[in-house]
Amino acid sequence: MGRDEFFFLLLGLKWTVALSAVGFVCGGIAGLGIALARTSGIRWIERITAGYIAVFQGTPLLMQLFVVYYGLALIGIRLDAWAAVSVGLTLHASAYLGEIWRGSIEAVPRGQTEAAKALALSYVWRMKNVILPQALRISLPATIGFLVQLIKGTSLASIVGFTELTRAGNIVSNQIFQPLTVFAVVGALYFLMCCPLTIYGARLERRFAASAR
């Protein structure tokens, strides 16, 4: 594999990182709203968001990307591959992050909420300054673990013809007929992205477990 082929893989890597960032950031913003809705105490809102989570956790990401790209086109909403994959990953991430953060909010000791209410703090102030900072700390290991899964999930973007790292590997492999070499490099690039995050998440989990003793 030559320099040009390697640079083409790096171009695919750039789009993998971009897709992961868009899906995680946008999904995180939507996921926070879902987590707050799931813990709002308003039953009909909790049921709607629970159903939303069930749909996206109960179906494969591959199918979700397929539906966003091809399904929306059937009703006249045509998205290019980048937009479709970004929307699909955002929806997918929002469901998972919403559930992760919902569990973290509920894991905050109940006394914290009761003390904030006793001080007559508003809901917004209570969540912003008391509950969410503690919930964020609790959720960090699981959130980082999901980010690793999201990075690997971007490889499914090839179903709609988007050229990220895995599809770039397929293209290069078909050109130079060296699949083992090409996908060894592709695998190494994924490893370099995911392994540090995995180690960091495991380290945070051990640190939090030690501080809870």
Side-chain angles (χ1 to χ4, degrees), residues 9-10 12-38 49-69 81-107 135-170 183-209:
L9 292 181
L10 291 182
L13 174 64
K14 180 189 74 172
W15 288 113
T16 289
V17 172
L19 281 176
S20 302
V22 169
F24 187 74
V25 172
C26 295
I29 294 170
L32 178 59
I34 290 170
L36 294 175
R38 290 278 283 131
T49 49
Y52 175 88
I53 290 170
V55 168
F56 284 95
Q57 288 191 348
T59 56
L61 175 57
L62 183 67
M63 190 196 78
Q64 294 164 19
L65 296 178
F66 189 90
V67 169
V68 171
Y69 186 72
W82 162 259
V85 175
S86 297
V87 170
L89 290 176
T90 294
L91 295 173
H92 179 79
S94 67
Y96 277 86
L97 291 174
E99 188 66 2
I100 289 171
W101 294 343
R102 188 273 310 166
S104 300
I105 290 172
E106 293 182 347
L136 177 63
R137 180 177 181 273
I138 294 169
S139 72
L140 271 177
T143 300
I144 292 171
F146 174 75
L147 176 58
V148 171
Q149 297 303 316
L150 186 67
I151 291 171
K152 293 186 287 187
T154 59
S155 63
L156 299 176
S158 60
I159 189 176
V160 298
F162 189 80
T163 304
E164 39 60 62
L165 181 55
T166 299
R167 182 170 171 81
N170 276 322
F183 283 101
V185 174
V186 169
L189 291 173
Y190 275 113
F191 181 81
L192 290 173
M193 284 190 292
C194 295
C195 186
L197 290 171
T198 301
I199 293 172
Y200 180 59
R203 184 177 300 170
L204 284 176
E205 192 169 6
R206 289 194 299 269
R207 183 186 303 170
F208 295 160

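From a predicted model like this one, the values you see are computed outputs, not experimental measurements. Atom set for the values below is all heavy atoms of this structure, side chains included, hydrogens, waters and symmetry mates excluded.
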Side-chain touch [X]/[Y], heavy atoms, less than 4.5 angstrom:
X: C195; Y: F191; result: yes
X: T163; Y: W15; result: no
X: T49; Y: R102; result: no
X: L97; Y: F24; result: yes

*Contacts of type ring pair (Phe, Tyr, Trp, His ring centres under 6.0 Å), residue Y200, not counting sequence neighbours*: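 Partners of Y200 under the ring pair (Phe, Tyr, Trp, His ring centres under 6.0 Å) test: none.
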
Non-neighbouring partners of [X] that pass side chain to side chain contact (heavy atoms under 4.5 Å, CB included), sequence neighbours left out:
X: A202; value: R206
X: L36; value: L32, I105, Y123, M127, L132
X: V55; value: none

Identify every side-chain donor-acceptor pair in residues 150-159 under 3.5 Å, counting partners at least two apart or on other chains, and give the distances.
unit_1 : atom_1 : unit_2 : atom_2 : d
T154   : OG1    : I151   : O      : 2.5
S155   : OG     : K152   : O      : 2.8
S158   : OG     : S155   : O      : 3.3

_Lys/Arg-Asp/Glu bridge criterion (N-O < 4.0 Å) met for E164, R167_ =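 Salt bridge between E164 and R167, a charged N being under 4.0 Å from a carboxylate O: no.
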
*Distance (rounded to the nearest 0.5 Å) between L189 CG and L9 CG*: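 Taking CG in L189 and CG in L9, the distance rounds to 7.0 Å.
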
_If you compare all heavy atoms of S139 against all heavy atoms of I100, which two are closest, and at what distance to 0.1 Å?_
CB-CG2, 4.1 Å

Side-chain donor-acceptor contacts of residues 86-94 below 3.5 Å, not counting sequence neighbours, with atom names and distances?
unit_1 : atom_1 : unit_2 : atom_2 : d
S86    : OG     : W82    : O      : 2.8
T90    : OG1    : S86    : O      : 2.8
H92    : ND1    : Q64    : OE1    : 3.1
S94    : OG     : Y52    : OH     : 2.7
S94    : OG     : T90    : O      : 3.3
S94    : OG     : L91    : O      : 2.7

